[in-house]
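Given the structure is predicted, the values throughout are model-derived calculations rather than measurements.
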2 protein chains.
Amino acid sequence: MAQAGTVDRILDTAEVLFAQKGFAETSLRAITSKAGVNLAAVNYHFGSKEALIQAVFERFLTPFSAALGAKLDEMEATGTPDTPENVLGIVFRLALGTHPEDPQRAAIFFRLSGQAYSQPQGHLRDYLHTHYGAVFKRLQEHLQRAVPSVPPMELFWRVQFSLGAVIFTLSGMQSLQAISKADFNLDVSTADITRRLLPFLVGGIQADVPE
Amino acid sequence: MAQAGTVDRILDTAEVLFAQKGFAETSLRAITSKAGVNLAAVNYHFGSKEALIQAVFERFLTPFSAALGAKLDEMEATGTPDTPENVLGIVFRLALGTHPEDPQRAAIFFRLSGQAYSQPQGHLRDYLHTHYGAVFKRLQEHLQRAVPSVPPMELFWRVQFSLGAVIFTLSGMQSLQAISKADFNLDVSTADITRRLLPFLVGGIQADVPE
DNA sequence: GTATGTTTGAAACGTATGTTTTGAACACAG
DNA sequence: CTGTGTTCAAAACATACGTTTCAAACATAC
């Protein structure tokens with residue numbers, strides 16, 4: 001991030017600020033001044049603030065979904081069994097490992113996703129669904145084979161529940177860590193939480209379907 | 001909502017708009033014009049926009065936490081066993097039943113909570129924790145008795161995960177319903193989803209703790 | 001009926017935002 | 001060197017926001 005070009009400096013800074021304070025609460029002036037570029041640079045390079053937001057997501061999600069697709073290929077090629085642990089484990093290791101040099105990056109990613117989903121009108125949510133829905137669907141098919149007794153419709157919702165648990169928790173980690181510290185006098189890391197998340201999600205996804 | 005006083009008309013309108021578009025994206029002018037009151041009325045009656053936001057939450061959460069406390073009293077008095085289903089069932093029935101005349105109200109409640117949690121700096125989150133943390137803690141103690149094999153620290157995080165699943169899902173219901181409709185050609189109601197949520201959460205909360 | 005405290009209405013204020021403009025600085029091909 | 005397209009910098013622009021002001025309308029008690 002030291003001496004990159006203007007475009008990357010903007011993206012790097014915007015990514016952090018958006019994750020920290022949300023889209024509406026982050027002004028272009030805050031971004032450009034912290035990035036050390038001119039105010040007009042955003043509109044020049046991206047066209048608008050909204051296009052900047054999309055660019056931030058694109059830079060994040062495109063490599064991620066590509067890596068996820070590759071991992072699924074590998075899984076199919078080696079004949080790794082479709083268990084909830086295996087499938088979810090891939091996603092988690094990927095989310096935490098895409099940028100090993102910066103462990104905070106994973107938290108930023110989830111916090112951004114949280115911001116995207118609570119966005120007015122579900123605007124960005126739809127964008128994500130249309131651009132990265134394919135890999136997502138493939139992931140869900142593997143999960144379906146892992147828990148064949150759960151009807152597809154039911155599984156769809158359980159995946160949404162899981163997404164909620166992950167995104168919500170990691171996007172609010174800052175406050176939660178403070179509460180945890182106060183109540184239990186214990187520090188927790190992002191990796192800690194994902195380790196706790198896995199059994200919770202597996203338990204929920206393969207729970208018995210009522211009636 | 002027809003001919004209530006100025007204060008209530010503001011609260012009614014703000015509640016809906018905040019849930020729909022978020023706090024920052026909802027202007028006082030949007031609220032007051034839709035509510036049919038003067039722009040200055042908000043600052044006159046509440047002092048500031050932020051105080052308005054708090055007032056909206058207070059009107060929502062105070063009766064809710066009181067009802068929750070009463071239900072827990074009743075549970076203890078009648079000796080109802082502490083099972084995950086019983087404890088979580090109380091919360092869900094309460095959230096869905098506090099305003100039976102308006103089924104959308106529950107969705108608004110969760111959407112508001114979602115907005116609160118993704119708020120910059122966790123400002124509101126802390127307010128909620130200090131004002132309604134007591135009932136929350138009591139609820140967690142009942143849950144702890146329901147799953148004594150899960151360590152308290154682990155349970156704390158599982159409750160957070162559950163909160164995430166609930167809030168995230170119901171706060172994004174609008175988009176999710178559209179996706180569900182497109183993928184499965186099925187409509188879903190808020191009650192539908194909470195019915196699906198219960199076994200998922202129970203499965204996650206009482207999952208085995210690794211190593 | 002008058003006086004007093006409360007609520008409303010219309011307008012203005014100050015500020016912060018996203019965006020646009022204009023011209024200088026720069027890179028590089030002819 | 002010259003010309004052309006790209007990038008940057010400073011300033012200004014238009015707009016939307018939360019808030020404040022101040023007088024009019026209202027309600028209530030004396």
Side-chain angles (χ1 to χ4, degrees), chain A residues 1-59 112 115-116 118-124 127, chain B residues 1-59 112 115-116 118-124 127:
Chain A
M1 183 167 159
Q3 266 300 78
T6 304
V7 170
D8 285 319
R9 282 220 306 281
I10 292 174
L11 285 173
D12 288 335
T13 310
E15 180 177 289
V16 173
L17 291 184
F18 282 152
Q20 266 176 6
K21 321 210 293 174
F23 303 119
E25 294 83 0
T26 304
S27 68
L28 292 186
R29 284 171 174 80
I31 295 171
T32 52
S33 73
K34 186 161 189 181
V37 303
N38 191 269
L39 168 62
V42 169
N43 285 282
Y44 176 75
H45 287 287
F46 298 95
S48 66
K49 183 182 184 181
E50 188 162 338
L52 205 214
I53 296 175
Q54 278 204 358
V56 168
F57 272 90
E58 199 177 317
R59 193 177 64 148
L112 268 182
Q115 299 283 359
S118 55
Q119 185 75 343
Q121 195 218 352
H123 197 245
L124 251 177
Y127 166 83
Chain B
M1 184 167 158
Q3 267 301 76
T6 303
V7 170
D8 285 319
R9 283 218 304 281
I10 292 175
L11 285 173
D12 288 335
T13 310
E15 181 177 290
V16 173
L17 291 184
F18 282 153
Q20 267 176 4
K21 322 210 295 173
F23 301 120
E25 294 83 0
T26 303
S27 67
L28 292 186
R29 284 171 174 81
I31 295 171
T32 51
S33 72
K34 186 163 188 179
V37 304
N38 191 270
L39 168 63
V42 168
N43 285 283
Y44 175 76
H45 287 287
F46 298 95
S48 68
K49 184 182 182 179
E50 189 162 337
L52 206 213
I53 297 175
Q54 279 203 0
V56 167
F57 271 90
E58 199 176 316
R59 193 177 64 150
L112 268 182
Q115 299 283 0
S118 55
Q119 185 75 343
Q121 196 220 346
H123 194 245
L124 250 177
Y127 166 82

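- Summarising the geometry, the separation between CG on A:L17 and P on C:dT17 is reported as 12 Å, rounded to the nearest angstrom.
- Looking at heavy atoms from C-beta onward, B:R59 lies in side-chain contact with B:E15 at the 4.5 angstrom threshold.
- Ionic pairing of A:K34 and A:D12 is not present here: no N-O contact between side-chain nitrogen and carboxylate oxygen is shorter than 4.0 angstrom.
- Rounding to the nearest 0.5 angstrom, the gap separating the OG1 atom in A:T13 from the CZ atom in A:F18 is 10.5 Å.
- Look at CG on A:D8: it is 11 Å from P on D:dC8, rounded to the nearest Å.
- Aromatic ring orientation, B:F23 versus B:F57: tilted (interplanar angle from 30° to 60°).
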Sequence-aligned protein contact record of nucleotides 17-22 of chain D, with B where the base is within under 4.0 Å of a protein heavy atom and S where only the sugar-phosphate is: BBBBB-

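- Considering only side-chain N and O atoms, B:H45 lies under 4.0 angstrom from the phosphate OP1 or OP2 of C:dT8.
- Side chains of B:L52 and B:H45 form no contact here, defined as non-hydrogen atoms less than 4.5 Å apart.
- C:dG5: Watson-Crick or G-U partner is D:dC26, with both key distances under 3.5 Å.
- Looking only at side-chain heavy atoms (C-beta outward), B:L28 and B:N43 come within less than 4.5 Å of each other.
- Residue A:K21 contributes atom NZ, which lies 9 Å from atom P of C:dT17 at whole-angstrom precision.
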